[in-house]
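Step one of this worksheet: look at the structure below.
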Amino acid sequence: MAIRFSSDFAKNITDKAIHAAVLDTVTALAGACKQISHICARGPLEQGLGVETGAANTDGDAQKALDVRSDEIITKVLETAPVAYYASEEQDDIVILDADKPLAVASDPLDGSSNIDTNVSIGTIFSIFETNDNAASSFLRPGSEQICGGFFVYGPQTTLVITAGAGTQTYVLDPDSGDFELAIADMKITPMSTEYAINASNHHHWDAPIRAYIEDCLLGATGPLGTKYNMRWVGSLVADANRILSRGGLFMYPSDDRDGYSHGRLRLLYEANPVAFVIEQAGGAATDGTRRILDVPLGTLHQRVPLVFGSKRAVQTLGNYHKKQDQL
Ligand code: F6P
Ligand code: MN
């Protein structure tokens with residue numbers, strides 16, 4: 001046993017066989033992530049986790065040793081789970097495990113790679129679908145069709161934040177029992193917050209609406225937003241998402257005019273969709289600036305998307321800056 005589910009977890013999945021398959025798959029992922037968490041906890045005692053392998057993934061990011069190890073660990077556990085297809089941010093193509101099985105899993109095996117050697121929280125993100133006619137069509141669909149999604153965080157605590165469409169729950173890996181225990185049954189994101197997260201070094205590359213919004217935040221109490229704002233940027237999506245779930249806030253990774261950033265940096269399938277699912281289920285919102293993330297069609301596996309999420313009113317306020325720009 002790697003995880004103790006609360007009784008109503010996944011209660012929205014009424015098909016008994018699919019319900020059981022989801023629980024088995026999440027249990028398998030929890031087993032994989034316990035292994036990854038153990039490697040992270042040893043940090044520099046393990047050989048060269050943050051060393052670049054010399055290869056790049058499909059998105060052009062330099063792969064590090066821990067990216068590759070995490071992907072291998074996840075692939076291996078999914079072979080024992082009721083999973084037909086595995087799509088990984090670290091692999092060009094879908095891995096076919098056993099086409100007769102009922103589920104398809106997408107994952108960013110190691111999120112926050114730039115923080116690997118810094119003893120800062122990193123994690124694993126995953127998204128689960130029922131299979132469709134074939135491998136590609138099992139993934140090329142909007143995030144609203146996910147049946148389960150979430151992420152593990154390897155930080156001061158190893159946690160699992162998860163939803164299967166019946167609220168968002170947080171489990172904590174108890175180092176004594178070795179099991180993930182339910183810690184927060186029904187997470188709720190405060191609707192308004194004055195904390196935002198953005199890589200501000202890209203300021204001069206942003207589009208006008210993002211620039212105008214951040215400039216208004218910086219004006220503080222005397223500006224049009226009428227209040228002092230605070231900024232936090234961990235640089236690991238999972239850690240920024242976890243903080244926002246805990247105390248509210250607004251995350252932004254917008255598109256910008258750097259080469260390769262015309263659709264932002266984050267991937268719709270592996271990162272934005274599962275994060276959007278847990279954020280919405282906790283009462284927050286997730287958009288690409290204006291459009292709901294979970295409604296964005298997926299054309300290619302590694303497609304990027306501008307990502308904005310967090311406290312509902314803060315997401316709406318930023319959306320209004322985009323609308324104002326459209327009216328000019
Ligand atoms: O996986 C991509 C990622 O590492 C996220 O975890 C994080 O939010 C983002 O990239 C950081 O990007 P940047 O280095 O541009 O701030
Ligand atoms: Mn990532």
Side-chain angles (χ1 to χ4, degrees), residues 29 32-33 36 40 49-50 52-53 55-71 73-74 87-91 105-127 143 149-155 159 161 195-207 210 214 231-245 249-279 286 288 293 301-310:
L29 285 169
C33 291
I36 301 170
C40 292
L49 296 179
E52 292 185 4
T53 60
N57 63 23
T58 309
D59 305 295
D61 296 335
Q63 276 180 327
K64 297 189 170 171
L66 187 58
D67 289 315
V68 177
R69 262 174 96 175
S70 304
D71 188 42
I73 291 169
I74 290 171
S88 165
E89 193 189 301
E90 298 303 333
Q91 304 203 37
V105 173
S107 175
D108 175 357
L110 202 282
D111 174 64
S113 302
S114 69
N115 284 323
I116 287 175
D117 281 334
T118 64
N119 198 13
V120 165
S121 297
I122 51 184
T124 295
I125 314 176
F126 64 92
S127 172
F151 54 83
F152 294 82
V153 182
Y154 315 121
T159 57
V161 177
E195 197 161 74
Y196 65 87
I198 193 164
N199 183 337
S201 69
N202 300 319
H203 177 271
H204 59 290
H205 294 291
W206 295 331
D207 294 340
I210 294 282
I214 296 297
M231 199 202 85
R232 287 287 181 274
W233 180 252
V234 178
S236 299
L237 173 63
V238 288
D240 283 310
N242 203 70
R243 185 192 60 255
I244 287 169
L245 278 158
L250 182 66
F251 176 99
M252 291 158 277
Y253 209 121
S255 56
D256 64 53
D257 70 6
R258 286 173 295 161
D259 275 354
Y261 285 80
S262 58
H263 298 283
R265 172 175 170 87
L266 301 168
R267 291 76 175 171
L268 181 56
L269 176 61
Y270 311 110
E271 297 173 309
N273 275 340
V275 167
F277 197 10
V278 297
I279 292 286
D288 65 357
I293 286 291
L301 279 183
H302 296 274
Q303 182 174 320
R304 294 176 189 234
V305 71
L307 179 59
V308 171
F309 69 82

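Side chains are part of it too, since the values below use all heavy atoms of this structure and drop only hydrogens, waters and symmetry mates. Atoms within each ligand, like the ligands themselves, are counted from 1 in listed order.
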Are Tyr196 and Phe251 an aromatic pair by the rule of ring centers under 6.0 Å?
-> no
Does [X] come within less than 4.0 Å of ligand 1, judged by its heavy atoms?
{"X": "Leu266", "value": "yes"}
{"X": "Ser114", "value": "no"}
{"X": "Glu89", "value": "no"}

If I consider every N, O or S atom in [X], which one ends up closest to the Mn ion (ligand 2)? I only need its name.
{"X": "Asp108", "result": "OD2"}
{"X": "Asp111", "result": "OD1"}
{"X": "Glu271", "result": "OE2"}

Atom CG of Asn119: over 12 foreign heavy atoms under 6.0 Å = no
Atoms of ligand 1 close to [X] [distance to a heavy atom under 4.0 angstrom, numbered from 1]:
{"X": "Trp233", "answer": "11 (C), 16 (O)"}
{"X": "Leu237", "answer": "5 (C), 6 (O), 7 (C), 8 (O)"}
{"X": "Ser236", "answer": "6 (O)"}
{"X": "Gly112", "answer": "4 (O), 6 (O)"}
{"X": "Asp111", "answer": "1 (O), 5 (C), 6 (O)"}

Minimum-distance protein heavy atom relative to [atom]:
{"atom": "atom 15 (O) of ligand 1", "value": "Tyr253 OH, 2.6 Å"}
{"atom": "atom 1 (O) of ligand 1", "value": "Glu271 OE2, 2.8 Å"}
{"atom": "atom 9 (C) of ligand 1", "value": "Arg265 NE, 3.6 Å"}
{"atom": "atom 7 (C) of ligand 1", "value": "Gly235 O, 3.3 Å"}

Of all heavy-atom pairs linking Ser121 and Ala239, the shortest is CB-CB, 3.9 Å
Short question: side chain of [X], backbone of [Y] - any donor-acceptor pair under 3.5 Å?
{"X": "Thr53", "Y": "Ala55", "value": "yes"}
{"X": "Ser70", "Y": "Leu110", "value": "no"}
{"X": "Asp288", "Y": "Ile293", "value": "no"}

Side chain, backbone, both or neither: the part of Asn199 lying under 4.0 Å from ligand 1 by heavy atom | side chain
For Tyr154 and Thr159, does a side-chain donor sit closer than 3.5 Å to a side-chain acceptor?
-> no
Donor-acceptor pair between Glu90 and Gln63 side chains, under 3.5 angstrom = yes
Kindly confirm whether the Mn ion (ligand 2) is within less than 2.8 Å of some N/O/S atom in Glu89?
-> no
Are any of the N/O atoms in Ser113 less than 3.5 Å from those in ligand 1?
-> no
Take Asp67 and Lys64 through the salt bridge (Lys or Arg N to Asp or Glu O under 4.0 Å) test and state the conclusion after the steps.
-> CA-CA 5 Å; Asp67 289 315; Lys64 297 189 170 171; over 6 Å; no
Please say whether the positively charged group of Arg258, taken as NZ for Lys or CZ for Arg, lies over the ring of Tyr261, i.e. under 6.0 angstrom from the six-membered ring centre and within 45 degrees of the axis.
-> yes
Atom pair CG (Asp111) and OG1 (Thr124), whose distance is rounded to the nearest 0.5 Å | 8.5 Å
